[in-house]
Number of protein chains: 2
Amino acid sequence: MKSVPHVPICDECIIKGHSIFKDLTTDQLDSVHYGKGSSLYKRGNIVYHEGHRINGFYCVQDGIVKIYKTGIDGKEQIIRFAKPGDIIGFRSVLSKELACTTAKVIEDSVLCFIPSENLFQLVKENPAFSMQLMQLTCRELGEANNFITDIAQKTVRERLAEILLILMDTFGLDSDKVLKISLTREEMANMVGTATESVIRLLSEFKLDGLIDLHGRKISLLDIPGLRKIANM
Amino acid sequence: MKSVPHVPICDECIIKGHSIFKDLTTDQLDSVHYGKGSSLYKRGNIVYHEGHRINGFYCVQDGIVKIYKTGIDGKEQIIRFAKPGDIIGFRSVLSKELACTTAKVIEDSVLCFIPSENLFQLVKENPAFSMQLMQLTCRELGEANNFITDIAQKTVRERLAEILLILMDTFGLDSDKVLKISLTREEMANMVGTATESVIRLLSEFKLDGLIDLHGRKISLLDIPGLRKIANM
DNA sequence: CGCTAATTTGAGTGACTTCAAGCACAGTGG
DNA sequence: CCACTGTGCTTGAAGTCACTCAAATTAGCG
């Protein structure tokens, strides 16, 4: 990572409008802005490491960050992806625990770092901000519970179809119905909780059934209702 | 459920000391106390239903409540158990979503119901309380992430051993090393995310290996290090 | 410098194995 | 007596292993 020539101004940040920061006063937004640092992270950079202490959280200004846990013999379990406007690392800051996940950049990113004290100060003086933060964690918790149920009850095939649809909802499709996020088959396997080979096999099956089309990492979702049916949603 | 003859007084509630309520002023505790209702719930009673709106949350005064989601063809996925001092339903209240889980009493319980407005009021006027609540949800989120990784990567055998240890940590053992919570094999299966038969078979295996002892629903944990080894912890 | 050669990384396949689900049925005990 | 526990047997989904092939990176070198 390296520092960014032009530090993005929170006040002007597109992120402001629809994020947890939307209830901050101009003064509070300024305090975030002046307290923060911004850095450019290249693909592959680690933002923070599982088990390490972090003394602040990050706001994704640009790029995509993969949040994952490392399980048995180093196998990754991807928890979520953070895209512009999302914040990462706040869970560990708030609960005052060590980071329980690793954050790795998968598309060159600009991240703003906001120190813990700043966060705690805002919670103290702005109840609306606290509510936003709480709602965010509660929504994430709800999603985590859904995922637990899926992973425990659905087949790999169902989960893979579901993940494709979730990726579509999160990152969208471009003109040719191609998913706007590029993942390796291994990463997809680490989301679904299966082996890389199984993902490869199932994706070709989906292609054979006319549900999707494959060109390397480009995956086009051709038959969304069909995928939804397989995913049991 | 039926109303309790003697409404437990928050001020005197043992729960107060170690719960999210510990930072409330006497006035605030009073407001919770006078705004709340208490009811006795018998085993099998449903406290709230997945998909329904709930206009408040519950504090478990006594008993055990099972929190679960209903997945494909009605199969339960147990998310957690709530014991005295725990609060349930707050996730949906805070995120202003419909309940994403069902809460069912598995040991006769006394639950205090605290209306949403009351909760929002406290968040507004007591930042320390907000912090407690946030830390609670963040810790739960961390646990959920752990569970996702486990269920995605560990075998049923490993998960079952782990669940036994988690139940020990949560509910403790009595004099004879017997787990202080009584679950059906099906409920254990619904925690682990497996079939009832698999739980039965694995429990007998564990017994054969001298790790546990079985007397109906009474499960004694004989060799905790052994279980920990199997669970990969 | 430019242009192969060498290495790495990811996608894809086939053969084989194994874990665990599902079904059917037999006890059993509150 | 019905819900729960327990057992045997079968089958299938998915994991593992062992490769090939293609593309992308890096290194080597005249």
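Every chain is numbered from 1, with letters handed out A, B, ... down the list of sequences. All values below come from the heavy atoms of this structure, side chains included, with hydrogens, waters and symmetry mates left out.
Taking atom CG of A:Leu202 as the reference point, atom P of D:dA13 lies 11 Å away to the nearest angstrom. At whole-Å resolution of the value, CD in B:Glu186 and P in D:dG6 are 14 Å apart. Rounded to whole angstrom, the span from the NZ atom of A:Lys42 across to the P atom of D:dT25 amounts to 13 Å.
Judged as a salt bridge (charged side-chain N to carboxylate O under 4.0 Å, His left out), and not counting sequence neighbours, the contacts of B:Glu187 are B:Lys66. Not a single side-chain hydrogen bond (donor to acceptor under 3.5 Å, both in side chains) links B:Asp86 to another residue, sequence neighbours left out. With sequence neighbours left out, the side-chain hydrogen bond (donor to acceptor under 3.5 Å, both in side chains) criterion links A:Thr155 to A:Glu158.
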Open item on the list: Walk me through whether A:Met233 and A:Leu227 qualify under side-chain contact (heavy atoms from CB on, under 4.5 Å).
Closed with: CA-CA 9 Å; A:Met233 295 176 81; A:Leu227 286 170; over 6 Å; no

Open item on the list: Using side-chain contact (heavy atoms from CB on, under 4.5 Å), reason through A:Phe90 and A:Thr137 one step at a time and then give a plain yes or no.
Closed with: CA-CA 9 Å; A:Phe90 66 101; A:Thr137 46; 3.2 Å; yes

Task: CA sep, side-chain torsions, deciding dist, call: A:Lys75, A:Thr70, side-chain contact (heavy atoms from CB on, under 4.5 Å) - done: CA-CA 6 Å; A:Lys75 191 171 158 61; A:Thr70 308; over 6 Å; no

Task: Derivation and outcome, side-chain contact (heavy atoms from CB on, under 4.5 Å), residues A:Gln61 and A:Ser38 - done: CA-CA 9 Å; A:Gln61 230 258 318; A:Ser38 290; over 6 Å; no

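Among residues at least two apart or in separate chains, ring pair (Phe, Tyr, Trp, His ring centres under 6.0 Å) pairs with a member in residues 50-85 of chain B are B:His49-B:His52, B:Tyr58-B:Phe113. Note on residues 97-112 of chain B: pairs passing side-chain hydrogen bond (donor to acceptor under 3.5 Å, both in side chains), not counting sequence neighbours, are B:Lys42-B:Asp108, B:Arg91-B:Glu97, B:Ser95-B:Glu97.
Going from atom OG1 of B:Thr170 over to atom NZ of B:Lys180 covers 12.5 Å, rounded to the nearest 0.5 Å. For the atom pair CE (A:Met168) and CG (A:Leu173), the distance works out to 6.0 Å, reported to the nearest 0.5 Å. Distance check: B:Arg53 CZ to B:Lys96 NZ gives 10.5 Å after rounding to the nearest 0.5 Å. To the nearest 0.5 Å, atom CD1 of residue B:Ile151 and atom CD of residue B:Gln153 are 12.0 Å apart. For the atom pair CE (B:Met188) and OG (B:Ser198), the distance works out to 13.0 Å, reported to the nearest 0.5 Å.
Of the residues in residues 70-78 of chain A, not one comes within less than 4.0 Å of DNA chain D through any heavy atom. Only B:Ser204, B:Arg217, listed by number, bring a heavy atom of residues 204-218 of chain B to less than 4.0 angstrom from any atom of DNA chain D. Looking at residues 146-159 of chain A, you'll see that no heavy atom sits under 4.0 Å from any atom of DNA chain C.
A:Lys69 contributes no side-chain N or O that, together with a main-chain N or O of A:Ile79, makes up a donor-acceptor pair within less than 3.5 Å. B:Arg159 contributes a side-chain N or O that, together with a main-chain N or O of B:Val192, makes up a donor-acceptor pair within less than 3.5 Å.
The bend of the helix from C:dC1-D:dG30 to C:dG30-D:dC1, defined by the angle between the axes of its first five and last five pairs, stands at 50° to the nearest 10°.
Put simply, chain A comes within 4.0 Å of DNA chain C, heavy atom to any atom, from C:dG10 to C:dA15, going 5' to 3'.
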Contacts table for residues 205-225 of chain B: side-chain donor-acceptor under 3.5 angstrom, sequence neighbours left out:
residue	atom	partner	partner atom	Å
B:Glu205	OE1	B:Arg157	NH1	2.6
B:Asp223	OD1	B:Gly226	N	2.8

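Taking the side chain as every heavy atom from C-beta outward, A:Phe21 and A:Cys59 approach each other to under 4.5 Å.
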For nucleotides 16-18 of chain D, tabulate all protein N/O to nucleotide N/O atom pairs closer than 3.5 Å, reporting atom names and distance.
residue	atom	partner	partner atom	Å
D:dT16	O4	A:Arg201	NH2	3.1
D:dC17	N4	A:Glu197	OE2	3.1

